[in-house]
Amino acid sequence: MNTSIPSKQGTSRTTAQWQSADAAHFLHPFTDFQALAKKGSRVITRADNIWLWDSEGHKILDAMSGLWCVNVGYGQKKLIDAATRQLGQLPFYNAFFQTATEPAIELAELLAEIAPASFQHVFFTSSGSEANDTNVRMVRRYWDLLGAPARQVIISRKNAYHGSTMAGASLGGMAGMHAQGGLPIPGIVHIEQPYWFENAPAGLSRDDFGLLAASWLEDKIREVGADKVAAFIGEPVQGAGGVIVPPATYWPEIQRICRRHDILLISDEVITGFGRTGRWFGCETQGFEPDLMTFAKGVTSGYVPLGGVMVGERVARVLIDQGGEFTHGYTYSGHPVACAVAVANLRLVRELGLVERVRTDVGPYLAQAFERLGRHPLVGETQTCGLMGALLLVKDKAGGDGRGTPFEAERDIGMVCRGHCFANGLIMRAVGDRMIIAPPLVITREQIDEMAALIGRCLDLTLADAQRQGWI
Ligand code: PXG
């Protein structure tokens, strides 16, 4: 019999005991193992709506929806019931060998219904990374079948995030990731990102910069040779890169360039999918029509792992009509429990009208709140798109050529600010000097006010630190 007495938070060990077992055995993702072992993890024990509680009983506002995924918020009974029901009825069966399960079929049908009309097919994976690996194999297979096997190269962007597998990390443009393990793999090349603050020449309007940044794709296509390029991949709004919303001119021009050179266009919707930007998919908000879409995270609101690729008609027709066997797939492609949760989740998103709510209500409300935060002396620019937002911390708002003077990199001002968020019951991400949020889509206006007040307080504390240290 287990005689240990639960602590007041209802867990069976003290925080120190959890931390010591964690340090002894658990290698965390994207973590300096030694530094974390010394410091000790924060142990999250339960959650409800937009709130988390840690093992010390602290209540925390989760402005990151877990990791950009808990779109319907925590504790949704319909998702819990769907998982429980499916676990009881059929916890697993595969989709290999000419079999299928009911939830996987139902989800494929539902995804085809909510996606833009040209998307009638889906390939399931368990994560966004696996889905992007699928994209690499699928687009190369497509060109092979069309008698153009030389079309192998995939063009992506610096500071993109497309996952952590060999192909996912290669498609991504994170220098720190490429520095480990001999990446990128062959056949993946990168162009500069459409980040106005860092990459726009002085004096250029945002719209003109959007066209310029898109033209870098055409330059790269010419350099590689169009007959060698399979696809271009991008996030409609860069997420992990710092919530970088491109100028409105960017994506339509990217689409024109892809069409001009007959290159497939992949929209990585892992973060932007399922309502985050105020449409079902981010490409709809940004005004382009991709050939393939990567999804994960919000498809189940993160309750269980699931990802996949939505395959548009252009690619689907070739793979289906003249493809023969596509030698690719995972044990958990179409996992019945994951698919059952996804079906319940997407129905709930519909029932609650969350996509519309982001577009017409809480999205614009967040934009206003961020505009006000933009008046803070530390904030150089603010950007939002639906329920994604970024605040750029600068040393001098009026400096530079009007865009603001950045802090010296060694100040790590984003981490200073993130520390204050941690200590004040708010989870925000720091990407360099950009402080970013992506709260659950169920967040209310009152909760946005509460979040903005917390952000304001953390900005004040950060400013006080910077002044005390003589950084400004
Ligand atoms: N594409 C995009 C656009 C993503 O944001 C992936 C692919 C990979 O998905 P999986 O499920 O394999 O993780 C992602 C994941 C961060 C952070 O700190 C972002 C992600 C993952 C982990 C951390 O912002 N995005």
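Note that ligands are numbered from 1 as they come in the structure, with each ligand's atoms numbered from 1 the same way.
- Using bins of under 30°, 30° to 60° and over 60° for the plane-to-plane angle, the ring pair Phe295/Phe274 lands in the perpendicular bin.
- In this structure, of Ser129, Pro305, Ser126, the residue bringing a heavy atom nearest to atom 13 (O) of ligand 1 is Ser129.
- The Glu235 neighbourhood of ligand 1 comprises atoms 3 (C), with distances under 4.0 Å to a heavy atom of that residue.
- Atom numbering of ligand 1 starts at 1 in the shown order; those under 4.0 Å from a heavy atom of Ala240 are 16 (C), 19 (C), 24 (O).
- Closest of all the heavy-atom pairs between Pro290 and Cys283 is CD-SG, 3.6 Å.
- In terms of protein heavy-atom proximity, atom 17 (C) of ligand 1 is nearest to Trp68 NE1, 3.8 Å.
- Short contacts between ligand 1 and Gly128, defined as distances under 4.0 Å to a heavy atom of the residue, involve ligand atoms 8 (C), 9 (O), 10 (P), 11 (O), 12 (O).
- Counting protein heavy atoms only, atom 22 (C) of ligand 1 is closest to Leu67 CD2, 3.6 Å.
- Under the 6.0 Å distance and 45° angle rule, Arg141 does not count as a cation-pi partner of Phe326.
- Remark: ligand 1 atoms within the under-4.0 Å shell around heavy atoms of Ser127 are 11 (O), 12 (O).
- Contact between Thr294 and ligand 1 is absent, with no heavy atom of the residue lying under 4.0 Å from the ligand.
- Residues Glu235 and Ala240 approach most closely at OE1-N, 4.3 Å, considering heavy atoms.
- With respect to Glu269, the side chain to side chain contact (heavy atoms under 4.5 Å, CB included) criterion is satisfied by exactly one of Met310, Met293, Lys297: Met293.
- Within 6.0 Å of CD on Gln180 lie no more than 12 heavy atoms contributed by other residues, nucleotides or ligands.
- Geometrically, ligand 1 and Arg429 share a nitrogen or oxygen pair separated by less than 3.5 Å.
- At the shortest separation from atom 20 (C) of ligand 1 among protein heavy atoms lies Lys297 NZ, 3.4 Å.
- In this structure, Arg276 is not positioned above the aromatic face of Trp68 in the sense of NZ or CZ being under 6.0 Å from the six-membered ring centre and within 45° of the axis.
- Aromatic rings from Tyr330 and Phe124 are positioned such that their centres are separated by 6.0 Å or more.
- Heavy atoms of Phe30 found under 4.0 angstrom from ligand 1: none, in either backbone or side chain.
- Of all the atoms in ligand 1, the ones that sit under 4.0 Å from a non-hydrogen atom of Ile271 are 5 (O).
- Atom 1 (N) of ligand 1 has Asp268 OD2, 2.7 Å as its closest protein atom, hydrogens excluded (heavy atom only).
- Contacts with ligand 1 closer than 4.0 Å are made by side-chain heavy atoms of Asn132 only, the backbone lying farther away.
- Of all protein heavy atoms, the one closest to atom 2 (C) of ligand 1 is Tyr161 O, 3.3 Å.
- Atom CG of Leu264 is separated from atom OH of Tyr142 by 5.0 Å, given to the nearest 0.5 angstrom.
- There is a side-chain donor-acceptor pair under 3.5 Å between His58 and Asp54.
- No part of Glu130 comes within 4.0 Å of ligand 1, judged by heavy-atom distances.
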